[in-house]
Every structure is written in structure tokens, then in C-alpha cells.
Amino acid sequence: QVQLVESGGGLVQAGGSLRVSCAASVSIFSINYMAWYRQTPGKQRELVALITRGGSTNYADSVKGRFTISRDNADNTVYLQMNSLKPEDTAVYYCHAVRQGSYYWGQGTQVTVSS
């Protein structure tokens, strides 16, 4: 019932910045929370950052101080601003939403950080 469309992935050099976007097909206020996860081959999907309907945020320790999750209510879009990128940040980044007890995932967008 909720479509999540991601964009903004790409290739960036270490120390650079990138912003990925997740546009939801419904109002963000109807979503309990939205989050960004990432996954690399052979590893479990890892929670990177989340934002609740009320605007509270939380981050993985590995990205605190470097990544920022935010939202644009008018566009029903959540962003992940990634600064000071490191090669270990390389992963497929997935948008995730929880709404009325149901879970939704975006298709993922590749972020590659070169050294």
C-alpha cells in the first residue's frame, strides 16, 4: 500500500558527501516511522538512521556525527545526508517504512565510496 522510491545513490570519493532520497506514496504523517538501512554482501541489513512521525531521530553509532536523516513533509520525502564518507560506508541503502502495522521497503540504491 506504500510505495517507496529511492534516488541519489552513486560513486563518491572518501571524504565526500552524498544525499539519498526516499519518496513515499502517502503522507509521512500516516507513517509511524521511516528509516534507512544498508547492506553489504555477506552481512545482515543494518539500521543506519530513523525518523519518527513526531520527528525524533536515531542513528547507528558508526554514522553519528556524519549522517543526518531529515524529511520534507510537502513532498513526502525522507533524506539521508551522508558526509565524510568512508569506504566502509559502501553498501546498498534501503528505505524502510512502518505504517499501521505493515512494513515496506524501497528497492535500494547503491552507494560506493572509493579510497
Side-chain angles (χ1 to χ4, degrees):
Q1 295 183 6
V2 178
Q3 298 177 34
L4 304 173
V5 181
E6 301 171 342
S7 61
L11 175 65
V12 64
Q13 293 183 332
S17 298
L18 199 65
R19 186 180 73 166
V20 291
S21 304
C22 175
S25 62
V26 299
S27 171
I28 291 179
F29 290 109
S30 72
I31 299 175
N32 184 255
Y33 71 84
M34 299 186 69
W36 286 97
Y37 285 73
R38 66 187 182 187
Q39 187 169 27
T40 57
K43 298 176 63 178
Q44 295 186 28
R45 194 166 294 184
E46 172 192 23
L47 176 64
V48 177
L50 67 84
I51 184 166
T52 69
R53 186 182 65 175
S56 298
T57 60
N58 195 27
Y59 299 91
D61 288 340
S62 60
V63 306
K64 285 182 179 178
R66 299 189 298 121
F67 290 10
T68 303
I69 188 170
S70 62
R71 66 189 183 192
D72 184 329
N73 297 332
D75 291 338
N76 298 326
T77 300
V78 170
Y79 302 94
L80 184 67
Q81 178 68 45
M82 300 178 286
N83 298 327
S84 302
L85 283 162
K86 306 174 181 179
E88 51 263 44
D89 294 319
T90 296
V92 178
Y93 283 72
Y94 295 91
C95 185
H96 175 63
V98 176
R99 180 177 183 266
Q100 297 181 345
S102 297
Y103 301 166
Y104 304 91
W105 291 96
Q107 79 286 351
T109 184
Q110 177 70 47
V111 173
T112 302
V113 184
S114 63
S115 59

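Predicted model, so just to flag it, every value in this text is computed and none were measured.
- Separation of atoms CD (Gln1) and OG (Ser25) is listed at 9.5 Å; rounding is to 0.5 Å.
- Two residues are said to be in side-chain contact when any heavy atoms from C-beta on lie closer than 4.5 Å; Leu85 and Phe67 meet this criterion.
- What you find for Ala91 and Tyr93 is that their closest heavy atoms are O-CD1, 3.4 Å.
- Between Trp105 and Arg45, some side-chain heavy-atom pair lies under the 4.5 Å cut-off.
- Paired with Val20 under the rule side-chain contact (heavy atoms from CB on, under 4.5 Å), one option of Gln81, Met82, Gln110 passes, and it is Met82.
- Both Val113 and Trp36 belong to a common hydrophobic cluster when Ile, Leu, Val, Met, Phe, Trp and Tyr are linked at side-chain heavy-atom distances under 4.5 angstrom.
- Checking each of Asn83, Val111, Thr109 against Leu18 for a side-chain contact (heavy atoms from CB on, under 4.5 Å) leaves exactly one that passes, namely Val111.
- Side-chain contact between Val2 and Met34 is absent, with no heavy atoms from C-beta onward closer than 4.5 Å.
- More than 12 heavy atoms of other residues, nucleotides or ligands sit less than 6.0 Å from atom CD of Gln39.
- Between Tyr94 and Leu4, every side-chain heavy-atom pair lies at or beyond the 4.5 Å cut-off.
- Of all heavy-atom pairs spanning Gln107 and Val5, the tightest one is OE1-CA, 4.2 Å.
- Tyr79 and Val12 are members of different hydrophobic clusters when ILVMFWY side chains are connected at heavy-atom separations under 4.5 Å.
- With values rounded to the nearest 0.5 angstrom, Gln3 atom CD is found 12.5 Å from Cys95 atom SG.
- In the hydrophobic cluster analysis, where Ile, Leu, Val, Met, Phe, Trp and Tyr join through side-chain heavy atoms closer than 4.5 angstrom, Ile51 is grouped together with Tyr104.
- Expressed to the nearest 0.5 Å, how far OG of Ser114 lies from CD of Gln13 amounts to 5.0 Å.
- Of all heavy-atom pairs spanning Gly108 and Val92, the tightest one is CA-CG1, 3.8 Å.
- In this structure, Ser62 and Glu46 have side chains that are in contact, with non-hydrogen atoms separated by less than 4.5 Å.
- Across all their heavy atoms, Ser17 and Ser84 have their closest contact at OG-N, 4.3 Å.
- For Tyr59 (side chain) and Ile69 (main-chain N/O), a donor-acceptor pair under 3.5 Å exists by modelled atom type.
- Contact annotation: the side chain of Arg99 approaches that of Ile31 to within less than 4.5 Å [non-hydrogen atoms, C-beta and beyond].
- Nearest heavy atom pair, residue Ser27 against residue Asn76, reads CA-OD1, 3.3 Å.
- Among residues at least two apart or in separate chains, salt bridge (charged side-chain N to carboxylate O under 4.0 Å, His left out) pairs with a member in residues 65-80 are Arg66-Asp89.
- Between His96 and Tyr33 the shortest side-chain heavy-atom distance falls below 4.5 Å.
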Go through Arg38 and Leu80 one step at a time and tell me if the side-chain contact (heavy atoms from CB on, under 4.5 Å) criterion holds. CA-CA 12 Å; Arg38 66 187 182 187; Leu80 184 67; over 6 Å; no
